Amino acid sequence: MSTLSADPILEGAVERAREALLEATDVANVGQSIGTTVDGERSVSHLFECLQSGYAGWYWAVSITRAPDAEKVTINDVVVLPGDTAIVAPQWTPYRERIQPGDLSPGDVLPPDDNDARLVQAWSAGDIDDNPAERAVAKGVGLGRLQVLSIEGRNQAAERWYEGDHGPDTALAQQAPAPCRTCGFLVRMGGPLSTLFGVCANAMANDDGRVVAFDHGCGAHSGAKLGTAATRPDLPSPVYDTLSTDDV
């Protein structure tokens, strides 16, 4: 691959580039020339220190060019660019990639993607195992939901719930007297997820109103019993007796 060499006329036009730069900013903002870069055939950028307040590590770049066989220099543009030590804003991250579960506030809207794998059309196989033909009829007459949870979306939810704070691996569940599947406060769910999860209905439990795994548990289990209080142990004799009296 060939490397472009600097045009000698353009490379020597340092003062012409500085004049163009001073037309765009105050002289106090311009420092010494710090070199040139070759942008293309008969296209060079002259670089100058940027002394403007708030732009530490930045530099000015004046792009110049000339027509073939012409000695007159033409100014293309004047810009200020960040150097290796400049403080710049972080790379922009789209809103959809920045938002995390729990970030939505009242009035916020987060529609699903058009090709969201968690959703399928209601007439296709989705979160319930009913007759697809019945779904098609329901869609035709405008009944039911347009989209339902896909099998992939259902599996993602089950994995997320089971491995999360309402699954069997939390400290709360490990110390529970019994699992949720045997608790009287567990409300059964419908559909395929009902084989693994229910909803807690104990107002005194940490998980009240939340989906919990059957293997989850807490101390508010309906069958929990207080252990028999142990008798108070006899205390050893005090090292320094301040209660009894000495006979003289």
Side-chain angles (χ1 to χ4, degrees), residues 1-121 124 146-147 149-161 163-165:
M1 179 180 296
S2 61
T3 303
L4 292 173
S5 58
D7 185 294
I9 295 178
L10 296 177
E11 192 174 32
V14 179
E15 292 307 316
R16 178 67 187 94
R18 182 184 292 274
E19 291 174 3
L21 177 56
L22 295 179
E23 293 177 4
T25 186
D26 190 87
V27 64
N29 297 329
V30 181
Q32 297 179 348
S33 171
I34 55 176
T36 60
T37 60
V38 180
D39 303 327
E41 186 177 2
R42 291 185 299 277
S43 179
V44 169
S45 288
H46 283 271
L47 312 181
F48 299 89
E49 291 178 327
C50 179
L51 305 180
Q52 186 170 347
S53 177
Y55 283 82
W58 292 61
Y59 62 91
W60 296 101
V62 182
S63 176
I64 61 177
T65 188
R66 71 182 181 90
D69 301 327
E71 295 184 1
K72 182 179 179 180
V73 172
T74 300
I75 305 298
N76 285 343
D77 56 26
V78 177
V79 295
V80 60
L81 299 173
D84 294 337
T85 60
I87 299 176
V88 296
Q91 185 176 2
W92 169 254
T93 303
Y95 172 75
R96 181 174 293 277
E97 297 178 15
R98 284 184 285 120
I99 194 168
Q100 298 295 319
D103 286 349
L104 289 180
S105 300
D108 291 343
V109 177
L110 183 65
D113 293 331
D114 293 337
N115 58 348
D116 195 324
R118 300 171 299 172
L119 296 171
V120 293
Q121 296 300 314
S124 65
L146 295 179
Q147 292 180 310
L149 193 65
S150 67
I151 295 176
E152 181 178 352
R154 183 183 68 198
N155 291 341
Q156 289 180 7
E159 182 177 352
R160 185 171 63 251
W161 295 348
E163 294 180 355
D165 294 338

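Everything numeric here is computed off the predicted structure, so don't read it as measured data. Sequential numbering from 1 along the given sequence is applied to the chain's residues.
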**Prompt:** Are there more than 12 heavy atoms of other residues, nucleotides or ligands under 6.0 Å from atom CD of E159?
**Reply:**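 Not more than 12 within 6.0 Å, no.
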Roughly how far apart are [X] [atom1] and [Y] [atom2], rounded to 0.5 Å?
| X | Y | atom1 | atom2 | answer |
| --- | --- | --- | --- | --- |
| D165 | R160 | CG | CZ | 12.5 Å |
| L149 | Q156 | CG | CD | 9.0 Å |
| I99 | T93 | CD1 | OG1 | 13.5 Å |
| I87 | W58 | CD1 | CH2 | 10.5 Å |
| D84 | Y59 | CG | OH | 8.5 Å |

**Request:** Check step by step if side-chain contact (heavy atoms from CB on, under 4.5 Å) holds for E71 and R66.
**Result:** CA-CA 7 Å; E71 295 184 1; R66 71 182 181 90; 5.7 Å; no
**Request:** Classify the side-chain pair D39/S45 by whether it contains a donor and acceptor separated by less than 3.5 Å.
**Result:**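 Their side chains do contain a donor-acceptor pair, which is all the 3.5 Å distance test asks for.
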Please report the shortest heavy-atom distance between [X] and [Y], naming the atom on each side.
| X | Y | value |
| --- | --- | --- |
| N29 | Q52 | OD1-CA, 3.6 Å |
| S150 | V120 | CB-CG1, 3.4 Å |
| V73 | A13 | CG2-CB, 4.0 Å |
| T85 | G57 | OG1-CA, 3.6 Å |
| S43 | S63 | OG-OG, 4.4 Å |

Would you find a donor on one side and an acceptor on the other, under 3.5 Å apart, between the side chain of [X] and the backbone of [Y]?
| X | Y | value |
| --- | --- | --- |
| D113 | N115 | no |
| E152 | R118 | no |
| T65 | R42 | yes |
| W60 | R18 | no |

Any side-chain heavy atom of [X] sitting closer than 4.5 Å to one from [Y]?
| X | Y | value |
| --- | --- | --- |
| T37 | L47 | yes |
| R16 | I75 | yes |
| F48 | T25 | no |

**Request:** Evaluate the criterion side-chain contact (heavy atoms from CB on, under 4.5 Å) for residue pair W92 and R98; output intermediate values, then yes/no.
**Result:** CA-CA 10 Å; W92 169 254; R98 284 184 285 120; 3.3 Å; yes
**Message:** Under the side-chain contact (heavy atoms from CB on, under 4.5 Å) test against I64, which residue among D77, L10, V78, D7 passes?
**Reply:**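 Going through the options one by one, the only one that passes is L10.
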